[in-house]
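Take a look at the structure set out below.
Quick note on labels: first sequence line is chain A, next is B, and so on, each numbered from 1. Note that these values count all heavy atoms, side chains included, but never hydrogens, waters or copies made by symmetry.
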Amino acid sequence: MNVTFPDGAIKSFEEGTSSLDIAKSISEGLARKAIAAEVNDTVYDMTRPINDDATIKFLTWDDLKGKATFWHSSAHLMAEAIESIFPGVKFWVGPPIERGFYYDIDLGDNVITESDLGKLEKKMQELARQNNLFIRKEISKAEAIKYFGEKGDEYKLDLLAGLEDGNITFYSQGNFTDLCRGPHIPSTGIIKGIKLTGIAGAYWKGDEKNKMLTRIYGITFPNQKELDEYLVFLEEAKKRDHRKIGKELELFTFSDKVGSGLPLWMPKGAMLRQRLQEFMQKAQIEAGYVPVITPHIGSKNLYVTSGHYEKYGKDSFQPIKTPVEGEEFFLKPMNCPHHCEIYKALPRSYKDLPLRLAEFGTVYRYEQSGELHGLTRVRGFTQDDAHLFCMPSQVKDEFKKVIDLVLYVFKSLEFKEFTAQISLRDKEDHSKYIGSDENWVLAEKAIVEAVEEKGLSNVVVEYGEAAFYGPKLDFMVQDAIGRKWQLGTIQVDYNLPERFELTYIGEDNAKHRPVMIHRAPFGSLERFVAVLIEHCLGKFPMWLVPVQVKILPISDKFLPYAENVLHQLKNNDIRAELDDRSEKIGKKIRDTELAKIPIMLIIGEKEVNENVVSVRRQAKGDEGAKTLNDVIQSIKEEVENKM
RNA sequence: GCCAGUGUAGCUCAGUUGGCCAGAGCAGCUGAUUUGUAAUCAGCUGGUCGGGGGUUCGAAUCCCUCCACUGGCUCCA
């Protein structure tokens with residue numbers, strides 16, 4: 001048979017030669033490094049015979065697919081260790097993930113806690129050192145069912161029920177055998193750095209009605225050094241956590257008395273938020289939006305009309321009732337119904353469209369207690385919301401304009417790494433969506449085309465992720481520890497205009513139904529600030545930073561001069577503070593550095609005599625003496641350039 | 001909501017197998033110091049040991065329960 005290599009070279013081998021032997025024929029080094037081989041686009045074990053002409057690419061630790069194979073095998077190693085300590089436990093699935101692997105296990109009456117993980121790691125290391133081979137075995141469905149039936153393993157039997165006979169394989173290493181399609185690394189010995197990272201409950205098949213299994217997460221490396229580096233990376237990432245930095249910089253806080261998931265913005269955080277709002281307002285006015293303001297509650301009726309009551313009523317904060325009539329009001333969980341009523345307040349003509357109603361609307365949603373997380377998942381938050389009402393023919397264009405706005409925001413804040421996720425209907429099951437088929441097709445087409453025409457990179461398409469009323473485009477970014485969060489969102493909605501019976505008079509003098517686009521470039525201010533903090537480590541750009549300048553007099557003697565400097569800065573709309581404590585200059589500098597205030601102005605005898613200020617830049621150091629005017633101008637320029 | 005873990009001053013953390021009025025550093029306050037580019041010195045204040053209940057002669061330490069937080073799962077208009 002002929003084997004084609006990635007460089008186009010073709011070599012001839014005897015039928016049934018394994019990838020390992022082919023690698024050996026090239027070099028011992030390659031044979032040692034190769035974890036698996038991609039044979040005709042399918043990943044094979046190194047030891048699996050190749051029986052026909054094929055193209056081959058060797059996978060090493062440096063390939064994503066190589067890592068996935070390595071981690072998948074590591075999951076088996078972990079399972080072997082667990083089975084040896086807790087005989088009789090049952091395994092569900094153990095896949096590789098973005099960083100490491102997990103295995104879902106039914107431990108029966110056994111309990112594993114985090115303090116047991118060390119023991120488990122030791123056992124894994126011991127088993128790895130035995131350097132057991134991963135052995136692949138093709139098996140008939142009947143035999144497989146018999147094997148797991150005798151073990152009483154309902155999980156593997158459930159897996160088997162979905163598999164076709166003739167396409168079933170077992171993998172064994174050491175004393176552990178698992179139903180598995182593979183592929184695997186040649187043997188356990190190459191797994192060196194082992195760290196089990198967490199224990200969690202996970203519902204069987206991801207369904208909360210099912211039993212909760214124990215999920216153990218881990219990560220492994222081909223050497224200890226890489227594991228150590230990874231652990232250092234994790235430590236570093238923790239330092240970026242917005243919850244930590246937010247506390248240190250006095251941006252926001254939470255209080256048990258106020259309630260969980262209800263952030264309290266402290267003066268510095270509020271300043272930051274106001275700057276972001278100002279930035280967005282300016283951009284939106286340029287883009288033709290008009291601001292509106294609506295109340296924090298709305299009659300139950302409003303949400304019955306919108307359909308949200310039926311869908312989310314039970315999971316919301318429960319209604320507030322008026323004392324006399326008993327009329328029910330809900331805290332608003334979204335702004336769109338209110339905005340629909342503003343649309344309806346006047347007769348609309350096609351000449352009025354698109355109508356873009358914008359509001360920084362604070363909404364309240366009863367998120368499950370286990371979901372709350374810092375500022376990224378809260379129960380009360382402010383959306384930079386807007387609803388665009390337009391003619392069907394305008395949808396794509398409006399959509400593209402919103403994409404521009406989102407990209408402008410990301411660019412202004414130097415968010416370089418993000419993915420755009422197009423969320424469409426489930427391919428088969430259309431029952432959970434409302435609205436006509438025809439409108440869905442139109443809306444999905446508009447989004448896909450708008451994204452294509454904008455040339456977005458990093459686009460993923462997810463079927464079944466659409467909102468119940470329409471498809472959407474979300475912009476996702478990662479936080480400090482790799483979790484993905486949705487920021488900006490754009491959603492097409494044919495449903496609400498229908499439910500609220502919105503109309504406009506067309507050119508033909510007849511009534512037509514407008515289309516609605518929901519959009520929020522930040523998403524929620526809270527979540528956006530959280531991600532922003534983690535991106536810049538709390539070192540905000542000049543136009544955003546709550547305090548731009550700290551004035552540091554060397555001694556009390558220079559306070560009058562310093563106060564004058566403070567005055568002039570404030571008169572120039574520069575956010576400045578004066579450190580009038582009787583501390584040494586080194587201490588004042590240290591405190592200001594830690595507060596991440598970008599500009600320090602140091603004032604001593606020399607500066608007073610020469611009518612200048614000494615400038616020190618946060619994290620950069622002394623920049624020498626300048627006139628106050630020069631400093632003011634350069635700060636203003638820096639602010640202008642970013643906005 | 002579910003699984004597991006955590007909860008000691010404003011912050012970061014000590015507190016041996018249950019045993020003297022619960023400790024430290026930082027922050028804060030008072031005083032001294034008047035300072036030249038990342039921590040001046042001294043003194044003082046500050047804690048229902050998350051809340052409640054229980055076991056015990058005795059509980060921050062053990063048990064139950066509720067709350068909050070952390071890591072996941074499910075959910076996310």
Side-chain angles (χ1 to χ4, degrees), chain A residues 102 104 107 111-117 197-217 238 241 243-244 247-248 250 253-257 259-261 303 306-313 315-316 332-337 363 365-374 376-379 383 465 467-470 472 474 481 483 485-486 489 491 493 495-496 518 524 527 552-559 581-595 600-607 614-624:
Chain A
Y102 67 78
D104 283 350
L107 288 167
V111 181
I112 293 185
T113 68
E114 272 169 49
S115 53
D116 297 323
L117 293 183
T197 48
I199 297 182
Y203 298 110
W204 183 43
K205 295 186 176 179
D207 187 334
E208 63 182 324
K209 288 185 204 81
N210 286 341
K211 183 173 181 179
M212 185 160 264
L213 305 176
T214 302
R215 175 173 296 178
I216 303 183
Y217 286 92
K238 273 190 200 153
D241 194 313
R243 291 165 298 188
K244 181 178 152 64
K247 196 181 270 179
E248 285 165 358
E250 298 172 13
T253 188
F254 288 91
S255 150
D256 283 7
K257 278 213 179 66
S260 84
Y303 303 107
S306 70
H308 290 109
Y309 178 75
E310 195 192 340
K311 185 113 181 142
Y312 294 105
D315 306 322
S316 298
K332 73 173 169 187
M334 78 290 294
N335 305 298
C336 29
V363 297
R365 297 177 183 177
Y366 182 78
E367 304 290 359
Q368 297 182 52
S369 59
E371 283 306 326
L372 301 173
H373 179 91
T376 51
R377 194 78 186 269
V378 287
R379 285 177 171 164
Q383 298 175 311
E465 289 293 310
F468 69 97
Y469 51 76
K472 56 180 183 169
D474 293 325
I481 50 178
R483 277 178 294 224
W485 296 99
Q486 178 218 96
T489 179
Q491 315 183 357
D493 186 351
N495 173 53
L496 280 185
H518 309 245
S524 99
R527 183 177 289 177
L552 311 178
I554 284 176
S555 96
D556 299 359
K557 285 183 280 187
F558 315 115
L559 270 177
R581 298 175 302 168
S582 100
E583 291 288 349
K584 291 178 115 172
I585 194 66
K587 168 70 169 167
K588 292 185 181 183
I589 287 171
R590 178 182 154 80
D591 289 347
T592 314
E593 286 279 346
L594 292 176
M600 283 160 259
L601 299 182
I602 292 156
I603 290 164
E605 195 171 0
K606 199 177 82 195
E607 288 76 16
S614 277
V615 180
R616 182 188 161 100
R617 212 63 217 203
Q618 201 266 343
K620 292 200 181 85
D622 196 355
E623 296 194 340

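- Proximity of A:K311 to A:Y469: side-chain heavy atoms (C-beta onward) are nowhere separated by under 4.5 Å.
- Using a 4.5 Å cut-off on side-chain heavy atoms (C-beta onward), A:R215 and A:L213 make no contact.
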Open item on the list: Base contacts versus sugar-phosphate-only contacts with protein, heavy atoms under 4.0 Å: please encode nucleotides 64-71 of chain B as B, S and - from 5' to 3'.
Closed with: ----SSSB
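- Distances shorter than 4.0 Å separate none of the side-chain N or O atoms of A:Y203 from OP1 or OP2 on B:C2.
- Remark: RNA chain B forms stems of 3 or more consecutive Watson-Crick or G-U wobble pairs, all pair distances under 3.5 Å, at B:1-7 with B:67-73, B:10-13 with B:23-26, B:28-32 with B:40-44, B:50-54 with B:62-66.
- Nearest nucleotide to the side chain of A:Q491, out of B:U12, B:G1, B:A77: B:A77.
- Here A:Y102 lies out of heavy-atom contact (under 4.0 Å) with every strand.
- Side-chain contact between A:K244 and A:K238 is absent, with no heavy atoms from C-beta onward closer than 4.5 Å.
- Between A:Y217 and B:C73 there is a side-chain polar atom (N or O) within less than 4.0 angstrom of OP1 or OP2.
- Dense packing is recorded around CD of A:E623, with more than 12 heavy atoms of other residues, nucleotides or ligands lying under 6.0 Å away.
- Contact of A:R215 with B:C3 (side chain to base): no donor-acceptor pair of N or O atoms is detected under 3.5 Å.
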At a cut-off of 3.5 Å, list every protein nitrogen or oxygen paired with a nitrogen or oxygen from nucleotides 16-18 of chain B, distance to 0.1 Å.
none

Task: Per-nucleotide protein contact string for nucleotides 37-43 of chain B, where B marks a base within reach and S marks sugar-phosphate only (heavy atoms under 4.0 Å, - for neither) - done: BBBB---
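- Using a 4.0 Å cut-off between charged side-chain N and carboxylate O, A:D241 and A:R243 make a salt bridge.
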Restricting to nitrogen or oxygen on both sides, can you table the protein-nucleotides 44-51 of chain B pairs closer than 3.5 Å?
none

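- Evaluation of the salt bridge (charged side-chain N to carboxylate O under 4.0 Å, His left out) rule for A:R617 yields A:E638 as partners, not counting sequence neighbours.
- If you check every strand for non-hydrogen atoms under 4.0 Å, A:E248 touches nothing.
- Stacking here means ring centres nearer than 5.5 Å and ring planes tilted less than 30 degrees, and by that measure A:F468 does not stack onto B:A77.
- Rounded to whole angstrom, the span from the CD atom of A:Q486 across to the C1' atom of B:C75 amounts to 14 Å.
- Residues A:R616 and A:E593 are paired through a salt bridge, judged by an N-O separation under 4.0 Å between the basic side chain and the carboxylate.
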